[in-house]
Amino acid sequence: MGGALAHGALDRWEGRRVEEWARRWGVPLVEAHEELTSTNDRLRSLADAGAEPFTVVTADSQTQGKGRGGKRWQSPSGMGLWMSFLLRSGSHAPPTLVPILVGLAAVRALDRLCPSLRPGIKWPNDIEVEGRKLGGILCESTLTGAVVVGVGINLRQGIEDFDPELKERAASLEMAGCRDVSRSGIVTELLRASRSLLDPPARLLDQRLKQAVWDRDVLNGRFVAAEVAIAGKVVRIVGKAVGIGADGALLVDVEGRIREVRTGSVTVVDGRPTQPTMNRPGGA
Ligand code: BTN
């Protein structure tokens, strides 16, 4: 697909023409920008104007990069991969499941590029390494029911590059010893893994996918606090995380009863840093 470049879009990215990346990745359109407010916002506009599934938007920097829950996502130029891609509408995947599957795609992509890293997935949308956040996923629905999948992965930051409140809990690939990983390498592997997991999106995790997610679930066995709706009321629960259910809900054992957490976020309350655990399917 060729055609005129959108206002402010670059004709080259990572040493190649954007059309060449689109051809290599087998996607309908790649829009690369030096700066955007947010790749998710730009892709949402494209989607509302009829963009096709797997349209990709990247930005070297974002001035209003967004995280979940209205948090700001620090997106400085040259430091990381800030990108979004579009999943088609008509999917019946539960909203909790898509970020988990993209998380799995992201860890699989990183496994291929940096085999020693072994990143984990922290429900609902974080990529972690050694208890620190390496990346995050923000999925947003469009007017037409498609899903904008935003992925941010820290590549080149040193600890001094993070805002003060992030210094204790953020990481980059370089900090984790993976140098020379390119943004284009990650997008190539991420799109490959995402296609096999999300095109079409699964409605539920089957046993094989459950196992794959649970092998990377850094919360498993940890004590967590979360807010859940019980009988129409929002209640704070504290219990042991025991896995991720078929629809992507976090399963928390509260005094022997399994509660399913589908919204919000969780806080680890046992004071240890999170690490990926090898675990076996069980529970719900
Ligand atoms: C989170 O951890 O809360 C999600 C962070 C998602 C950040 C990415 S960067 C590319 C895309 N554009 C955004 O504004 N956010 C996502």
Side-chain angles (χ1 to χ4, degrees), residues 8-9 13-14 30-48 51 54-87 95-107 109-110 119-129 131-142 146-157 161-163 165-166 168-173 183-184 186-187 190-191 194 216 218-219 226 248 250 261 263-268 274:
W13 184 74
E14 297 266 285
V30 174
E31 219 185 77
H33 292 258
E34 214 165 275
E35 183 180 281
L36 283 175
T37 53
S38 155
T39 56
N40 269 30
D41 290 349
R42 174 61 191 158
L43 184 54
R44 176 193 292 275
S45 308
L46 291 174
D48 292 346
F54 281 93
T55 295
V56 173
V57 174
T58 71
D60 294 345
S61 69
Q62 301 182 114
T63 53
Q64 291 167 45
K66 302 183 284 186
R68 275 183 80 249
K71 290 197 184 128
R72 190 172 88 87
W73 181 261
Q74 228 184 289
S75 328
S77 182
M79 292 289 182
L81 170 68
W82 327 125
M83 63 93 69
S84 304
F85 64 93
L86 193 65
L87 285 183
T96 38
L97 196 51
V98 177
I100 296 291
L101 288 172
V102 178
L104 184 58
V107 299
L110 294 171
I121 299 170
K122 177 165 176 250
W123 188 94
N125 69 320
D126 291 356
I127 311 296
E128 279 205 353
V129 64
R132 287 173 170 264
K133 182 158 172 166
L134 180 70
I137 294 152
L138 178 66
C139 296
E140 299 180 297
S141 296
T142 71
V147 179
V148 171
V149 178
V151 180
I153 297 183
N154 299 324
L155 259 71
R156 314 243 175 271
Q157 292 95 331
D161 296 313
F162 290 109
D163 285 349
E165 70 277 12
L166 297 179
E168 293 295 312
R169 40 195 184 90
S172 69
L173 282 179
R183 295 181 302 174
S184 54
I186 299 179
V187 179
L190 179 67
L191 290 176
S194 296
R216 297 304 179 96
V218 299
L219 291 177
L250 181 71
V261 184
T263 55
S265 46
V266 291
T267 316
V268 176
T274 50

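Heavy atoms only: backbone and side chains are in, while hydrogens, waters and symmetry mates are out. Remember, predicted model here, so these are calculated numbers, not experimental data. First listed ligand is number 1; within each ligand, the first listed atom is number 1.
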Looking at [atom], what's its closest protein heavy atom, distance included?
{"atom": "atom 3 (O) of ligand 1", "result": "R68 N, 2.6 Å"}
{"atom": "atom 10 (C) of ligand 1", "result": "T39 OG1, 3.2 Å"}
{"atom": "atom 15 (N) of ligand 1", "result": "K66 O, 2.8 Å"}
{"atom": "atom 5 (C) of ligand 1", "result": "W73 CE3, 3.4 Å"}

Go through ligand 1 atom by atom and flag the ones less than 4.0 Å from a non-hydrogen atom of [X].
{"X": "K133", "value": "1 (C), 2 (O), 3 (O)"}
{"X": "G67", "value": "1 (C), 3 (O), 4 (C), 5 (C)"}
{"X": "G65", "value": "14 (O)"}
{"X": "S38", "value": "12 (N), 13 (C), 14 (O)"}
{"X": "I137", "value": "4 (C)"}
{"X": "G150", "value": "11 (C), 16 (C)"}

Given T39, L43, T58, V57, the one that forms side chain to side chain contact (heavy atoms under 4.5 Å, CB included) with E31 = V57
ask   = Counting heavy atoms only, which part of D41 comes closer than 4.0 Å to ligand 1: side chain, backbone, both or neither?
value = neither
message = Taking 4.0 Å as the limit for heavy-atom contacts, which would you say applies to Q62 with ligand 1: side chain only, backbone only, both, or neither?
response =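 Under 4.0 Å from ligand 1, Q62 contributes side-chain atoms alone.
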Considering distance alone, does some N or O of [X] sit under 3.5 Å from an N or O of ligand 1?
{"X": "Q64", "answer": "no"}
{"X": "W82", "answer": "no"}
{"X": "S84", "answer": "no"}
{"X": "N125", "answer": "yes"}

task = In plain terms, say whether D60 and R183 are close enough for a salt bridge, that is, a side-chain N and a carboxylate O under 4.0 Å apart.
result = yes
key: D41/K66 salt bridge by N-O under 4.0 Å criterion   =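 D41 and K66: salt-bridged.
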query = Should the pair W73 and W82 be assigned to parallel (<30°), tilted (30 to 60°) or perpendicular (>60°) ring geometry?
reply = perpendicular
Beyond-backbone contact of [X] with [Y], side-chain heavy atoms, under 4.5 angstrom:
{"X": "L86", "Y": "L46", "answer": "no"}
{"X": "F54", "Y": "L87", "answer": "yes"}
{"X": "I186", "Y": "V151", "answer": "no"}
{"X": "L110", "Y": "I127", "answer": "yes"}

key: With sequence neighbours excluded, residues passing ring pair (Phe, Tyr, Trp, His ring centres under 6.0 Å) with F162   = none
task = Report yes or no: does M83 have a heavy atom closer than 4.0 Å to ligand 1?
result =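 For ligand 1, residue contact (heavy atoms, under 4.0 Å) with M83 is present.
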inquiry  = Run the side chain to side chain contact (heavy atoms under 4.5 Å, CB included) test against S172 and tell me which residues pass, sequence neighbours left out.
reply    = N154, Q157, E174, M175
query = Where the side chain of E14 meets the backbone of S184, is there a donor-acceptor pair that is under 3.5 Å apart?
reply = yes
